[in-house]
Amino acid sequence: MSQNKSQNNTVKIAPSILSADFATLGAEVAAVDKAGADYIHIDVMDGQFVPNLTFGAPIIKDLRPHSDKVFDVHLMIDTPEQLVADFAGAGADIITVHGEATAHLHKLLQTIRDLGKKAGVALNPATPAESLKHVMPLLDMVLVMTVNPGFGGQKHIDLNDKISAIAQMIAAERRDIDLSVDGGVCADNAQSIINAGANVLVAGSAVFKGGAEHYAANIAKLRES
Ligand code: DX5
Ligand code: ZN
């Protein structure tokens with residue numbers, strides 16, 4: 001079992017609001033906050049980088065008063081350098097960009113840090129761990145996609161070898177860097193993902209299933225497993 005030794009071993013649960021009821025998004029965010037979420041995972045999609053559309057910075061700004069939890073903003077958009085300042089201004093705490101979506105990843109991570117935000121890189125399933133090598137000093141989070149991004153409710157792809165490789169890269173940095181896993185995470189696979197070295201579990205359908213009265217139990221089930 002490899003471990004992300006640079007940080008405490010508490011697992012964080014990050015409900016993805018992609019699976020929430022968009023008609024009542026503020027109440028949904030407040031409900032998962034109250035149910036025990038550590039981060040609120042916010043999926044921004046542009047219909048270009050991924051074949052789906054969600055929302056942009058104005059909606060995140062409107063959600064901000066509904067929770068004091070960390071807003072973990074996952075940008076699935078092309079040329080994110082054009083919009084990161086807007087997301088910073090809207091109240092994002094962590095801004096994660098896809099390494100595949102920008103030609104100037106190193107510069108963009110520095111820009112996010114200069115905006116006073118934590119900087120993350122997300123990797124699609126086919127993108128190797130080694131692509132992070134030259135940006136490790138600029139990272140606060142690595143987000144390993146275990147589905148091809150765009151939609152909630154997809155089948156989890158087992159990439160535990162990649163998670164372990166990244167956990168070792170993080171351990172070598174000797175500072176707190178979140179290792180987050182996103183896509184098809186549920187009670188059945190959470191333990192193996194954590195054993196591989198992750199410390200943040202993003203979960204959409206596994207948290208939001210059954211309606212608001214089930215959110216606390218769904219989060220607790222993930223945490224316990
Ligand atoms: C997929 C998103 C995920 C997704 C997770 O593109 O980045 O955050 O909402 O949903 P589940 O947990 O249902 O796979
Ligand atoms: Zn996501």
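The shown structure was predicted, so the numbers you read here are calculated from the model rather than taken from an experiment. We count ligands from 1, going down the list as the structure has it; atoms in each ligand are counted the same way.
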Mind checking whether G184 has a heavy atom under 4.0 Å from ligand 1? yes

If we set the cut-off at 4.0 Å for heavy atoms, which region of S205 has an atom near ligand 1: side chain, backbone, both, or neither? both

So that I know where these two stand, are H134 and H106 an aromatic pair - ring centroids less than 6.0 Å apart? no

Can you tell me which N/O/S atom of H74 has the shortest distance to the Zn ion (ligand 2)? ND1

Atom 12 (O) of ligand 1 [closest protein heavy-atom partner, distance rounded to 0.1 Å]: G204 N, 2.8 Å

Going by the atom numbers of ligand 1, which of them fall below 4.0 Å from some non-hydrogen atom of A203? 12 (O)

Sole candidate of V73, L18, V29 that passes side chain to side chain contact (heavy atoms under 4.5 Å, CB included) when paired with I42: V73

Name the one of V44, L143, D178 that satisfies side chain to side chain contact (heavy atoms under 4.5 Å, CB included) with T96? L143

Shortest non-hydrogen contact from G99 toward V121: N-CG1, 4.0 Å

Quick check: closest heavy atoms across I219 and G36, and the distance to 0.1 Å? CG2-O, 4.0 Å

Tell me the contacting part of M145 for ligand 1: side chain, backbone, both, or neither, using a 4.0 Å heavy-atom threshold, strictly below. side chain

Tell me, which N, O or S atom in D182 is closest to the Zn ion (ligand 2)? OD2

To the nearest 0.1 Å, how far is atom 9 (O) of ligand 1 from its closest protein heavy atom, and which atom is that? S16 OG, 2.9 Å

Would you mind running through ligand 1 and noting each atom that sits below 4.0 Å from a heavy atom of F151? 1 (C), 6 (O)

Transitive ILVMFWY side-chain link V70 to I177, under 4.5 Å: no

Note: ligand 1 atoms sitting under 4.0 Å from heavy atoms of M76 are 6 (O), 7 (O)

Geometry only, no angles: is L18 polar-contacting ligand 1 at N/O separations under 3.5 Å? no

For H214, is the NE2 atom crowded, meaning more than 12 foreign heavy atoms sit under 6.0 Å from it? yes

For the residue pair Q48 and D46, what are the closest heavy atoms and their distance? N-OD1, 2.8 Å

Within a distance under 4.0 Å of any heavy atom of G153, pick out the atoms of ligand 1 and give their elements. 11 (P), 13 (O), 14 (O)

Using 4.0 Å as the upper bound for N to carboxylate O, is an ion pair formed by R223 and D38? yes

Angle at the Zn ion (ligand 2), OD1 of D43 to NE2 of H41, rounded to 10 degrees, please. 90°

Could you check whether atom NZ of K61 has more than 12 heavy atoms from other residues, nucleotides or ligands sitting under 6.0 Å from it? no

For residues N160 and S192, report the shortest heavy-atom separation together with the two atoms involved. ND2-OG, 3.6 Å

Provide, to 0.1 Å, the distance between atom 10 (O) of ligand 1 and the closest protein heavy atom, together with that atom's residue and name. G152 CA, 3.6 Å

Distance filter under 4.0 Å to H41 heavy atoms, resulting ligand 1 atoms: 8 (O)

Counting heavy atoms only, which of I42, D182, T54 is nearest atom 5 (C) of ligand 1? D182

Using a cut-off of 6.0 Å, state whether more than 12 heavy atoms not belonging to K117 lie near its atom NZ. yes

Pair D43-T54, side-chain hydrogen bond (donor to acceptor under 3.5 Å, both in side chains): steps then yes or no: CA-CA 7 Å; D43 287 310; T54 54; over 6 Å; no

Would you check the N or O atoms of D43, main chain and side chain alike, for any that come under 3.5 Å of an N or O of ligand 1? yes

Number the atoms of ligand 1 from 1 as they appear, then name those within less than 4.0 Å of a heavy atom of P149, with their elements. 6 (O)

Short list, please: which atoms of ligand 1 are under 4.0 Å from a heavy atom of H74? 7 (O)

Who's the nearest protein heavy-atom neighbour of atom 6 (O) of ligand 1, and how far? G150 N, 2.7 Å

Check each atom of ligand 1 against the heavy atoms of G183 and keep those under 4.0 Å away; list them by number with element. 14 (O)

Look only at interatomic distance and state if M45 has a nitrogen or oxygen under 3.5 Å from any nitrogen or oxygen of ligand 1. no

